[in-house]
Amino acid sequence: LGWLEEAMKISRAAYYRGEKARACNQTRTMPGGVLKRINNTAWKFHSADSNKQLKPCGGDDYYVMIRTSNQWEHSARVTDHEDGTYTIWFDRTCGEQIIGDMYVINQYTIGIGMIYARPTSPGGVPATIPWVVAKATGVVIQGEVKGGL
């Protein structure tokens, strides 16, 4: 039953983080956060609310990717530091240089899941991705593993 005890421990920790995020995050995460490069494979992101005020706590869930000119998508790992900041890193590039636009996409905020309506253009095709909260163009990533994080 060791696996069950471990599962319960993980579940309790996740519940605690969720409760803490709901208590601290009274506003939705919106575009306006700060995105800074750390090294050749990593970035730091500080989330912001609708007034572009930096948030003091974490709890948001992000999907981060680089989309290249030929539409390849490279996903990143994200670490929540529970203070409104997140570390984003691209683990492996197989030694290749990746050049494209990086998107920080908020998937879950203030403990209630996706909150944005997705507008559509004529014909029902999505016109934009409104939950992109940060973007960097012309990003170059090259490296095998994260370092110094």
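Just so you know, residue 1 is the first one in the sequence shown, and it goes up from there.
- What you find for His46 and Lys55 is that their closest heavy atoms are NE2-O, 2.8 Å.
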* **Lys135 and Thr137: CA distance, side-chain angles, deciding distance, side chain to side chain contact (heavy atoms under 4.5 Å, CB included) verdict** => CA-CA 7 Å; Lys135 179 181 176 183; Thr137 57; 3.7 Å; yes

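- In this structure, Asn51 contributes its side chain and Gln53 its backbone to no donor-acceptor pair below 3.5 Å.
- Atom OG in Ser11 sits 11.5 Å away from atom CD in Glu6 (nearest 0.5 Å).
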* Asked: Do Tyr86 and Val104 pass the side chain to side chain contact (heavy atoms under 4.5 Å, CB included) test, and can you show the C-alpha distance, the side-chain angles, and the key distance before you say yes or no?
  -> CA-CA 11 Å; Tyr86 302 81; Val104 179; over 6 Å; no

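- With values rounded to the nearest 0.5 angstrom, Asp61 atom CG is found 11.5 Å from Ile105 atom CD1.
- Atom CZ of Arg37 is surrounded by more than 12 heavy atoms from other residues, nucleotides or ligands within 6.0 Å.
- Scanning for side chain to side chain contact (heavy atoms under 4.5 Å, CB included) contacts around Ala136 gives Leu35, Trp43, Met102, Val139, with sequence neighbours left out.
- Nearest heavy atoms, Tyr62 versus Ser47: OH-CB, 3.2 Å.
- Thr68 meets the side chain to side chain contact (heavy atoms under 4.5 Å, CB included) test with Asn70, Trp72, His74, Ile98; sequence neighbours excluded.
- One hydrophobic cluster, built from ILVMFWY side chains closer than 4.5 Å, holds both Met8 and Trp3.
- To the nearest 0.5 angstrom, Trp89 atom CH2 is 3.0 Å from Thr79 atom OG1.
- Across all non-hydrogen atoms, the minimal contact from Ile88 to Ala76 is CG2-CB, 3.6 Å.
- Expressed to the nearest 0.5 Å, how far CG of Asp80 lies from OG1 of Thr85 amounts to 7.5 Å.
- Contact detail for Val140 and Ile99: the closest heavy-atom pair is CG2-CG1, 4.0 Å.
- Although no hydrogens or angles enter the test, the distance criterion places a donor-acceptor pair under 3.5 Å between the side chain of Asp101 and the main chain of Gly138.
- Partners of Lys52 by side chain to side chain contact (heavy atoms under 4.5 Å, CB included), not counting sequence neighbours: none found.
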